[in-house]
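Written below as C-alpha coordinates is the structure these notes are about.
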Amino acid sequence: MFDIRVRLGAVLDIDADDRLLPSDGPVRLWVTGVRLVVNRPPHDEWIWVEGVKLLPSGHRGPQAQILVRASKLPPSGPAGEHQSEHDA
(Lines give C-alpha, C1' and ligand atoms only; values in the text may rest on other atoms or scores of the structure.)
Protein backbone atom coordinates (compact mmCIF):
# COMPACT_ATOMS: atom_id res chain seq x y z
CA MET A 1 0.00 0.00 0.00
CA PHE A 2 1.01 3.62 -0.23
CA ASP A 3 2.78 5.66 2.40
CA ILE A 4 2.55 9.11 0.88
CA ARG A 5 2.50 12.31 2.89
CA VAL A 6 1.74 15.59 1.20
CA ARG A 7 0.62 18.53 3.30
CA LEU A 8 -2.29 20.55 2.05
CA GLY A 9 -0.92 23.96 1.21
CA ALA A 10 2.48 22.57 0.18
CA VAL A 11 3.95 23.83 -3.08
CA LEU A 12 5.20 21.09 -5.40
CA ASP A 13 7.48 21.56 -8.38
CA ILE A 14 6.47 18.69 -10.65
CA ASP A 15 8.79 17.86 -13.55
CA ALA A 16 7.31 16.79 -16.87
CA ASP A 17 8.90 13.32 -16.43
CA ASP A 18 6.97 12.83 -13.17
CA ARG A 19 3.57 13.47 -14.80
CA LEU A 20 1.35 11.13 -16.78
CA LEU A 21 0.96 13.81 -19.51
CA PRO A 22 4.51 15.19 -19.81
CA SER A 23 3.61 17.23 -22.91
CA ASP A 24 1.99 19.72 -20.52
CA GLY A 25 5.50 20.46 -19.22
CA PRO A 26 6.62 21.12 -15.66
CA VAL A 27 4.26 22.78 -13.24
CA ARG A 28 4.37 24.42 -9.82
CA LEU A 29 1.27 23.46 -7.84
CA TRP A 30 -0.18 24.71 -4.55
CA VAL A 31 -1.74 21.51 -3.17
CA THR A 32 -5.40 21.52 -2.09
CA GLY A 33 -6.07 17.76 -2.29
CA VAL A 34 -4.51 14.34 -2.84
CA ARG A 35 -6.11 11.02 -3.72
CA LEU A 36 -4.99 7.55 -4.71
CA VAL A 37 -5.73 6.18 -8.15
CA VAL A 38 -7.68 2.93 -8.46
CA ASN A 39 -7.29 2.51 -12.24
CA ARG A 40 -3.67 3.39 -12.73
CA PRO A 41 -1.34 2.76 -15.67
CA PRO A 42 0.61 -0.51 -15.44
CA HIS A 43 4.18 -0.68 -14.13
CA ASP A 44 3.93 2.39 -11.93
CA GLU A 45 1.92 3.84 -9.08
CA TRP A 46 0.25 7.20 -9.51
CA ILE A 47 -1.31 9.80 -7.22
CA TRP A 48 -3.80 12.52 -8.18
CA VAL A 49 -2.57 15.82 -6.82
CA GLU A 50 -5.12 18.62 -6.97
CA GLY A 51 -4.45 22.29 -6.54
CA VAL A 52 -3.85 25.68 -8.06
CA LYS A 53 -1.12 26.20 -10.62
CA LEU A 54 1.34 28.92 -9.67
CA LEU A 55 2.53 30.95 -12.64
CA PRO A 56 6.17 32.05 -13.10
CA SER A 57 5.02 35.57 -12.19
CA GLY A 58 3.96 34.25 -8.78
CA HIS A 59 0.26 34.78 -9.50
CA ARG A 60 -2.31 32.02 -9.13
CA GLY A 61 -3.30 30.19 -12.29
CA PRO A 62 -6.09 27.72 -12.99
CA GLN A 63 -7.18 24.78 -10.84
CA ALA A 64 -5.51 21.53 -11.91
CA GLN A 65 -5.59 17.80 -11.26
CA ILE A 66 -2.28 16.19 -12.11
CA LEU A 67 -1.44 12.50 -12.12
CA VAL A 68 2.00 12.28 -10.47
CA ARG A 69 4.31 9.29 -10.01
CA ALA A 70 4.11 8.06 -6.43
CA SER A 71 7.92 7.94 -6.35
CA LYS A 72 7.87 11.77 -6.66
CA LEU A 73 6.12 11.88 -3.27
CA PRO A 74 8.26 9.83 -0.86
CA PRO A 75 7.03 8.97 2.66
CA SER A 76 9.10 11.80 4.12
CA GLY A 77 7.23 14.32 1.97
CA PRO A 78 8.00 16.15 -1.24
CA ALA A 79 11.53 17.30 -2.02
CA GLY A 80 13.18 18.64 1.07
CA GLU A 81 10.22 18.35 3.43
CA HIS A 82 11.19 15.94 6.17
CA GLN A 83 9.06 15.09 9.14
CA SER A 84 10.96 15.08 12.41
CA GLU A 85 10.28 12.57 15.16
CA HIS A 86 8.61 15.37 17.11
CA ASP A 87 6.12 15.96 14.27
CA ALA A 88 5.09 12.30 14.03
Side-chain angles (χ1 to χ4, degrees):
M1 194 59 168
F2 293 98
D3 184 8
I4 303 293
R5 297 180 190 128
V6 179
R7 286 188 216 141
L8 297 183
V11 174
L12 298 180
D13 289 312
I14 304 169
D15 295 327
D17 292 343
D18 293 322
R19 300 179 60 182
L20 182 61
L21 300 173
S23 62
D24 291 345
V27 68
R28 176 169 271 204
L29 191 75
W30 178 45
V31 178
T32 60
V34 178
R35 61 186 167 100
L36 299 178
V37 178
V38 177
N39 298 323
R40 58 186 180 261
H43 309 298
D44 211 341
E45 295 174 328
W46 298 83
I47 305 293
W48 277 112
V49 179
E50 303 171 356
V52 177
K53 288 184 178 182
L54 298 177
L55 306 175
S57 65
H59 291 94
R60 292 182 183 183
Q63 288 281 111
Q65 293 183 342
I66 300 173
L67 204 51
V68 179
R69 291 182 194 280
S71 59
K72 168 69 178 173
L73 307 169
S76 61
E81 289 186 17
H82 297 286
Q83 185 176 20
S84 72
E85 292 177 6
H86 300 290
D87 295 337

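Hydrogens, waters and symmetry mates are skipped; everything else that's a heavy atom, side chains included, is used.
- For the atom pair Asp13 CG and Asp18 CG, the distance stands at 11.0 Å (nearest 0.5 Å).
- The distance from atom CG of Leu55 to atom CZ of Arg28, rounded to the nearest 0.5 Å, is 11.0 Å.
- Shown here for Ala16 and Pro22, the closest heavy-atom pair between the two residues is O-CB, 3.2 Å.
- Taking every heavy atom of both residues into account, Ile14 and Arg19 meet most closely at CG2-CG, 3.4 Å.
- In this structure, the side chain of Arg69 engages the main chain of Asp17 through a donor-acceptor pair within 3.5 Å.
- Within the 4.5 Å cutoff, no side-chain heavy atoms of Val34 are placed close to those of Glu50.
- With Trp48 contributing its side chain and Leu67 its backbone, the two residues share no donor-acceptor pair below 3.5 Å.
- The shortest non-hydrogen separation linking Ile47 to Arg35 is CG2-O, 3.6 Å.
- Nearest approach of Leu29 to Gly51, heavy atoms of both residues: CD1-C, 3.7 Å.
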